[in-house]
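Worksheet: the structure to be examined is printed underneath.
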There are 2 protein chains.
Amino acid sequence: MKWDTLDEEPCSLSRTVAVVGDRWTLLILRECFLRVRRFEGFQSSLQITRHLLSERLKKLVRFGILRRVPYSEAPKRYEYILTQKGLDLYPIIMAMVHWGDTHMGDERGRPMLHEHKTCGKLFDPVMVCSECGEVLHAKQVHVHAGPGRNEAVG
Amino acid sequence: MKWDTLDEEPCSLSRTVAVVGDRWTLLILRECFLRVRRFEGFQSSLQITRHLLSERLKKLVRFGILRRVPYSEAPKRYEYILTQKGLDLYPIIMAMVHWGDTHMGDERGRPMLHEHKTCGKLFDPVMVCSECGEVLHAKQVHVHAGPGRNEAVG
DNA sequence: AGGCTATAGTTCTAAAATAGAACTGTCAAA
DNA sequence: TTTGACAGTTCTATTTTAGAACTATAGCCT
C-alpha cells in the first residue's frame, strides 16, 4: 500500500485517510467547523507554517472538501468554505472529540461542551445502526466483502 | 501548536489526533478490528516498512490502545490486542469508512459491507445526539468552552 | 508622494519522518 | 545442518515538515 495512491485502494477507510489522514488536515477542518474561513485565521489559531497551510488548503479544495470563494476583488482575496462533502466530515470530527473527551482528559474537565440546538441539551455523539437504531459495538458487527472489493481480506 | 505536545492541548480533537493522526496508525487499527494481531500479519497486509510498523505498535502500546501479550515462551513472541480504549476507537473508524463509502466510491460499489449481528441487517453507522436521539448535523450544534479550556476560542 | 498596515500567499534552508532494503536472533522441522 | 517462520533492528536515501524571510496588491494616513 503506497501513500500516494491511497485514495485508489479498494477500502473506504484508506480513501478517507488519503484525504484527512495527514498532519494538520483534521485540525484545519476543526477550525472550519468553528467558522474560520481565511488564511490568516487558520494560520494564527493553529500556528501552522504558512507553506504547509497553503499546501493543505489546496489539497482540500482539490478533493472537494473546501471551496475557494473570492470575497474581495481588489486585491483579489479568497476564503475557504466547507462544501457538503466537507460538512459530511462532521461525524468523524465529533467521534474523535468524543474519544478524546473520554480517554485523553485531565483533571480540569472537558475543553469544550456541545449543545444540541434541536433539543437544547449538552450532549455526546453516539453512533447507532441505521437499521435498528441500537448503539454500535465493534464485536456486534460482521464484515463482508462488497462488490468494490477485488481481493478477499478479513 | 506543536506536534510533539499535541496530546497536551486543551482540545480533545488535538489529543485524539496526537494518537491516531499520523501515517499508518489508522490503517493498523483497521487491521486490529479485522482480527489481525501479529507483526507479520500487519506487515504483509499493509506493506508498511517493518521499521515504521515497529514504531507505531510501540506508540499504540504506550498510549494504551493495544496490549502486547506473549503467545509463545520459546522463542518469546508477542501479539497485539485492542484494549477497551482501543475498542472505543470503533466509531471513529466507522465514521471514516462511511464517509469514504459516501464520497470516495467508484462505479464498482462498496469495498466492504457491514452486518449488524444484533438485528441481522446490512447497515450504515449514524451519529445521533445522546440526549434526544436525533441525527446530528454540524449546523445544529453550538460549541461552548468547557472547564478544561484556558483560553477563549471559537 | 512616501511610508505603514493587512492579507494571502511563495521561496528558501534545516530538521525530522518515512521508504526500502538488508541484517539479527531464536527456535522448530526436514 | 540447513531451511524457514517470526519479530524485530539497523542502515542509507528520499520525502515531508518546520521555521523564517520574502513578494505582491491595495487601502489609509500624513
Side-chain angles (χ1 to χ4, degrees), chain A residues 1-9 14 17-29 31-32 35-63 66-81, chain B residues 1-9 14 17-29 31-32 35-63 66-81:
Chain A
M1 199 172 300
K2 297 286 201 294
W3 267 81
D4 46 355
T5 57
L6 205 58
D7 58 329
E8 296 159 20
E9 287 286 318
S14 298
V17 167
V19 180
V20 302
D22 56 21
R23 206 169 269 201
W24 294 110
T25 294
L26 280 166
L27 298 175
I28 290 170
L29 289 166
E31 297 302 308
C32 293
R35 316 275 191 289
V36 173
R37 294 165 146 78
R38 297 182 186 178
F39 194 93
E40 297 295 321
F42 294 113
Q43 207 279 321
S44 65
S45 64
L46 292 173
Q47 300 294 103
I48 180 177
T49 66
R50 307 176 74 78
H51 176 54
L52 215 43
L53 175 58
S54 175
E55 290 293 307
R56 289 294 184 271
L57 290 172
K58 278 179 197 157
K59 178 179 167 180
L60 288 168
V61 169
R62 184 157 37 82
F63 274 115
L66 297 177
R67 252 176 328 128
R68 188 161 173 269
V69 180
Y71 73 91
S72 152
E73 281 306 317
K76 202 87 177 174
R77 296 270 158 77
Y78 299 89
E79 57 188 6
Y80 297 87
I81 312 281
Chain B
M1 199 172 300
K2 298 287 202 295
W3 266 81
D4 48 354
T5 56
L6 206 58
D7 58 328
E8 296 159 19
E9 287 288 318
S14 297
V17 167
V19 179
V20 302
D22 57 19
R23 206 169 268 201
W24 294 112
T25 294
L26 279 165
L27 298 175
I28 291 170
L29 288 166
E31 297 301 307
C32 293
R35 316 278 191 286
V36 173
R37 292 167 147 79
R38 297 182 185 177
F39 193 94
E40 297 295 323
F42 294 112
Q43 207 280 322
S44 65
S45 63
L46 292 174
Q47 300 295 101
I48 182 178
T49 66
R50 307 177 74 78
H51 176 54
L52 216 43
L53 175 57
S54 175
E55 291 294 308
R56 289 294 184 271
L57 290 171
K58 277 178 198 159
K59 176 179 169 181
L60 288 168
V61 169
R62 185 157 37 82
F63 273 116
L66 297 177
R67 251 177 326 128
R68 188 162 173 268
V69 181
Y71 72 91
S72 152
E73 281 306 317
K76 201 87 177 175
R77 296 268 159 76
Y78 298 88
E79 56 188 6
Y80 297 87
I81 312 283

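Keep in mind that this is a model prediction, so the values were computed, not measured. Throughout, a chain's letter reflects where its sequence line sits, starting with A, and its residues are numbered from 1.
- Regarding B:Ile48, its CD1 atom lies at a distance of 15 Å from the P atom of C:dA17, rounded to whole Å.
- The shortest distance between side-chain heavy atoms of B:Val19 and B:Asp7 does not fall below 4.5 Å.
- Straight-line distance from the CG atom of A:Leu53 to the P atom of C:dT11: 16 Å, rounded to whole Å.
- A pairwise comparison of heavy atoms in A:Glu9 and A:Ser14 identifies CB-CB, 3.7 Å as the closest pair.
- At whole-Å resolution of the value, NZ in A:Lys2 and P in D:dT16 are 14 Å apart.
- Distance from the side chain of B:Tyr71 is smallest for D:dC6 among the nucleotides D:dT9, D:dC6, D:dA18.
- For the pair B:Gln43 (side chain) and B:Ile48 (backbone), a donor-acceptor distance under 3.5 Å is present.
- Only one option out of B:Arg68, B:Arg37, B:Arg38 pairs with B:Tyr80 in a side-chain hydrogen bond (donor to acceptor under 3.5 Å, both in side chains); it is B:Arg68.
- Comparing A:Glu40 and B:Arg77, the nucleotide of DNA chain C nearest to each residue sits closer to the 5' end for A:Glu40.
- Set against C:dA8, C:dG20, D:dG19, the side chain of B:His51 has C:dG20 as its closest nucleotide.
- Distance CD (B:Glu79) to P (D:dC6): 12 Å, rounded to an integer number of Å.
- Nearest to the side-chain atoms of A:Leu52 among the listed nucleotides D:dT17, C:dG9, C:dT7 stands D:dT17.
- Contact between the side-chain N/O atoms of B:Trp24 and the OP1/OP2 oxygens of C:dA19 is found at a separation under 4.0 Å.
- Atom-to-atom, CD of B:Gln43 to P of D:dA7 comes out at 11 Å; the value is rounded to the nearest Å.
- Across the protein-nucleic acid pair, A:Lys76 atom NZ and C:dA6 atom P stand 24 Å apart, rounded to whole Å.
- A donor N or O paired with an acceptor N or O is not found under 3.5 Å between the base of C:dT18 and the side-chain atoms of B:Arg23.
- Distances shown here put a side-chain N or O of B:Lys58 below 4.0 Å from the OP1 or OP2 atom of D:dT9.
- Heavy atoms of A:Phe42 sit nowhere under 4.0 angstrom from any nucleic acid atom.
- Where A:Pro75 and A:Thr49 meet DNA chain D, the nucleotide closest to each residue was compared, and A:Thr49 sits on the side nearer the 5' end.
- Evaluation of atom-type donor-acceptor distances gives a pair under 3.5 Å for the side chain of B:Arg50 against the base of D:dA7.
- A salt bridge links B:Glu40 and B:Arg50; the closest N-O separation between the charged side-chain nitrogens and carboxylate oxygens is under 4.0 Å.
- Protein atom CZ of A:Arg37 is 16 Å distant from nucleotide atom P of C:dT7, rounded to whole Å.
- Remark: P of D:dT16 and CG of A:Asp22 are 10 Å apart, rounded to the nearest angstrom.
- For the pair B:Tyr78 and C:dT26, the criterion of a side-chain N or O lying under 4.0 Å from OP1 or OP2 is not met.
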